[in-house]
Amino acid sequence: RDLYEDLKNLAASIQTNEMERLRHENEVASFFTLKASESSSASRRKLASIKPPTDPTKSKKLGAGGVEDFGAPALADPGLAASLRAEEQTLLASFHTDLDQIHQVQQKLGEVASMVSVFANKAEEQQEIAEQILETAHSATTNIEDAGKHLQSANDNKSSYNFWIVCWFLGSGIFLLIFDFVDERYSWI
């Protein structure tokens, strides 16, 4: 159970570190795009001074992407309109790049989470196997102790058995000697 908690904490820390890394990369990237957008700040000031047309038919036109077009082509400076379109494309590309990176990070986090899950399952299986091995070792130790007791009792029984065999042979030998003596003395043959 502790291993599972450790793996869960590890996955959370990996996820946090990856998100911090991406946030840092985006922050560094914003420093470089900030200089490019500072040059267009003058063009923004010019754009702010231009008022949208008051004609209701022109103000309701939708431009690219479903956004209301307030007559940007009607700007007096075509270079300003082109720079605004270029900046729009740059911001859109940056946004899509960030979204792509977020999707990649989510995929990697999903893969890491699945790997951690598989690793946790394998660790749990290994723990069960280790517990079974421990139980088998305890039962083997108990069996060895019982076998030692049986061998000791067999050894004790062997000693007493040997004693009775010796007594049997001695008794039989004495009986035969007495029988032979009696047979020699009191025999008529």
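Taking a 4.5 Å side-chain heavy-atom cut-off between Ile, Leu, Val, Met, Phe, Trp and Tyr, the cluster of L170 extends to V166.
Criterion: ILVMFWY side-chain heavy atoms under 4.5 Å apart, direct or through other members. Under it, F181 and I178 are not part of a common hydrophobic cluster.
Remark: the backbone N or O of A113 is not paired with any side-chain donor or acceptor of S117 at under 3.5 angstrom.
Rounded to the nearest 0.5 Å, atoms NZ (K108) and CD1 (I14) are 13.0 Å apart. Atom CG of N9 and atom OG1 of T16 lie 10.5 Å apart (nearest 0.5 Å). Atom CD of E124 is separated from atom CZ of F119 by 12.5 Å, given to the nearest 0.5 angstrom. The line from CZ of F175 to CG of L177 is 11.0 Å long, rounded to the nearest 0.5 Å.
Under the 4.0 Å criterion applied to side-chain N and carboxylate O atoms, E18 and R21 are assigned as salt-bridge partners.
Between I133 and I129 the shortest side-chain heavy-atom distance falls below 4.5 Å.
The list of side chain to side chain donor-acceptor pair (under 3.5 Å) pairs with a residue in residues 135-154, not counting sequence neighbours, reads Q152-D156.
Shown here is E131, whose CD atom has more than 12 heavy atoms of other residues, nucleotides or ligands within 6.0 Å.
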